[in-house]
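First up is the structure itself, then whatever we jot down about it.
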There are 2 protein chains.
Amino acid sequence: MESLRERKKRRTRDALLHAALDLFTSQGYEQTTVDEIADAVEVSQRTFFRYFAGKEEAAFAVQVIAEAHFIRAVRERPPCEPPLEALRQAVLEGWGTVNEAIASVVPVEMYLRMFRVIESTPTLLAAHLRRSVEAEEALARLLAEREGVDVETDPRPRLLVAVFGAVIRVTGRAWSSDGDLSVAAIRDLTRTYLDLVGPELIGSWRRD
Amino acid sequence: MESLRERKKRRTRDALLHAALDLFTSQGYEQTTVDEIADAVEVSQRTFFRYFAGKEEAAFAVQVIAEAHFIRAVRERPPCEPPLEALRQAVLEGWGTVNEAIASVVPVEMYLRMFRVIESTPTLLAAHLRRSVEAEEALARLLAEREGVDVETDPRPRLLVAVFGAVIRVTGRAWSSDGDLSVAAIRDLTRTYLDLVGPELIGSWRRD
DNA sequence: TTGTCAATTGTCAGACGCTGTCATTAGCCT
DNA sequence: AGGCTAATGACAGCGTCTGACAATTGACAA
């Protein structure tokens with residue numbers, strides 16, 4: 001049961017987040033000032049910074065949920081699966097259920113639009129990549145424990161996760177600059193690209 | 001022949017760069033203000049911003065040279081080599097000759113120290129990753145042209161370069177947090193990690 | 001209900017990165 | 001020497017973000 005105070009806090013946070021995402025996706029991230037966001041919710045600028053460490057944190061609030069969703073999916077994979085297969089299945093299944101994880105906070109369409117803003121705004125892209133590296137570190141430790149190897153001495157967990165993450169990023173980039181912006185489309189693209197990793201990449205590309 | 005004016009400009013730029021790197025590597029990037037850098041060279045803050053678009057640009061000035069060095073190395077690989085082999089040979093040879101490319105601007109030791117600052121400063125790490133993505137895009141187009149495939153329809157160039165870049169980043173990270181900070185050390189590590197990409201990563205890690 | 005405590009908020013001041021403007025200085029060229 | 005142009009300094013201003021303090025508001029007990 002939430003107290004009145006907590007409900008009020010949640011409401012202002014939600015209002016700030018929605019106002020921020022609305023402004024970011026409609027007029028651009030850099031073009032939106034914190035004052036604008038605060039004014040839209042009729043709170044002081046200082047209050048915005050009490051709910052979000054900065055503009056950036058508001059921009060990634062939904063991404064945080066999606067990341068947690070994906071990492072949880074990896075954790076719930078059967079331990080008998082080899083690591084790469086676990087990652088692959090987790091991300092494919094994760095795209096299928098990301099709807100439910102997000103919809104209660106923000107419409108999925110807003111999530112996808114914000115994703116494109118992140119990809120096309122240099123500052124946000126940089127932050128996104130750094131966040132990805134952090135997520136990869138967490139995943140590497142997860143896989144290392146899962147497989148019973150030491151993440152500090154065995155480079156394979158970090159290598160595998162980094163390579164996997166690289167494919168995922170290329171996928172996201174291709175998706176966000178292509179036509180079909182549905183969740184189904186990115187799922188299919190992910191499968192296609194993951195299947196390419198292997199002999200297709202290593203050898204010569206010329207005799208096809 | 002450089003005019004007096006141009007020599008003077010080059011000297012203030014060099015002085016600003018050296019002061020910046022000195023301060024960044026000794027007291028940290030975030031802890032260093034632009035005013036400090038400008039004061040150390042006895043110019044106005046405004047002048048600093050006439051030579052560098054921002055603090056960040058000063059931090060990456062040497063990295064820019066190293067990047068160009070590596071891309072040039074890839075371009076000079078024999079066209080008969082398969083793409084991954086070209087990347088591999090270029091980066092290994094690049095580490096052998098990076099000395100000469102940099103030494104005229106900054107002592108190599110400073111380059112290596114600054115590299116560690118970049119890896120350990122969130123803001124700079126983010127910028128570094130974004131820069132890497134840009135470099136990877138350039139490399140992908142290079143390889144696509146080299147192999148005669150279309151970079152817009154064939155995902156292999158971007159995929160290969162992204163995977164390769166991921167390995168390089170893991171290498172740099174492991175190197176910068178390990179003991180031996182020599183150029184030889186990172187060269188060896190690069191070779192070791194690149195050799196791991198393949199069957200070693202894909203299958204199960206358990207029965208070793 | 002009322003008073004007390006703690007949490008939330010607004011206001012103000014200020015640091016820092018960065019930009020535009022304009023007057024001043026300094027190299028260049030005839 | 002004197003005019004032209006490029007480099008610089010000084011100043012004002014915007015936007016992000018933080019610290020400090022006072023005012024407000026909900027929570028909870030007497």
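Naming: A, B, ... by sequence-line order, numbering from 1 per chain.
- Between B:Phe115 and B:His128, the angle of the ring planes goes over 60°, which puts this pair in the perpendicular group of the 30/60° scheme.
- Around CD of A:Glu145, the count of heavy atoms belonging to other residues, nucleotides or ligands within 6.0 Å does not exceed 12.
- Ring centers of B:Trp95 and B:Phe70: under 6.0 Å apart, within the cut-off.
- Checking B:Ser182 against B:Asp180 by side-chain atom types alone, a donor-acceptor pair falls below 3.5 Å.
- Regarding B:Arg10, its CZ atom lies at a distance of 17 Å from the C1' atom of D:dA7, rounded to whole Å.
- Here the P atom of nucleotide D:dC17 and the CD atom of B:Glu30 are 12 Å apart, to the nearest Å.
- Using a 4.0 Å heavy-atom criterion, one finds that A:Thr123 contacts no nucleic acid atom at all.
- Between B:Arg46 atom CZ and C:dG17 atom P there is a gap of 14 Å when expressed in whole angstrom units.
- For the pair A:Glu36 CD and D:dC14 P, the computed distance is 15 Å after rounding to whole Å.
- Sorted by residue number, the members of residues 51-58 of chain B with any non-hydrogen atom under 4.0 Å from DNA chain C read B:Ala53, B:Gly54, B:Lys55.
- At a threshold of 4.0 Å, the pair B:Glu56-B:Arg130 counts as salt-bridged, since one of the basic side-chain nitrogens sits closer than that to a carboxylate oxygen.
- No side-chain N or O of B:Tyr29 forms a donor-acceptor pair with one of B:Thr123 less than 3.5 Å apart.
- Atoms CZ (A:Phe49) and C1' (D:dT18) sit 9 Å apart, rounded to a whole Å.
- Between A:Arg50 atom CZ and C:dA6 atom P the separation is 18 Å, expressed in whole Å.
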What verdict does the side-chain contact (heavy atoms from CB on, under 4.5 Å) test give for A:Arg169 and B:Val133, after you've listed the backbone C-alpha separation in whole Å, the side-chain angles of each residue and the deciding distance to 0.1 Å?
CA-CA 10 Å; A:Arg169 274 189 296 109; B:Val133 167; 3.9 Å; yes
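- The distance between atom CG of A:Asp35 and atom P of D:dT16, rounded to the nearest whole Å, is 7 Å.
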What does nucleotides 25-30 of chain D look like as a protein-contact string, B for base, S for sugar-phosphate only, - for none, at under 4.0 angstrom between heavy atoms?
BBS---
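- Between B:Thr47 and D:dT8 there is no side-chain polar atom (N or O) within less than 4.0 angstrom of OP1 or OP2.
- Taking a cutoff of 4.0 Å between a charged side-chain nitrogen and a carboxylate oxygen, A:Glu2 and A:Lys8 do not qualify as a salt bridge.
- Using a 4.0 Å cut-off between charged side-chain N and carboxylate O, A:Glu109 and A:Arg113 make a salt bridge.
- Following rounding to the nearest Å, A:Gln45 (CD) and D:dG19 (C1') show an atom-to-atom distance of 13 Å.
- Donor-acceptor pairing under 3.5 Å, judged by distance alone, is absent between the side chain of B:Arg7 and the base of C:dG27.
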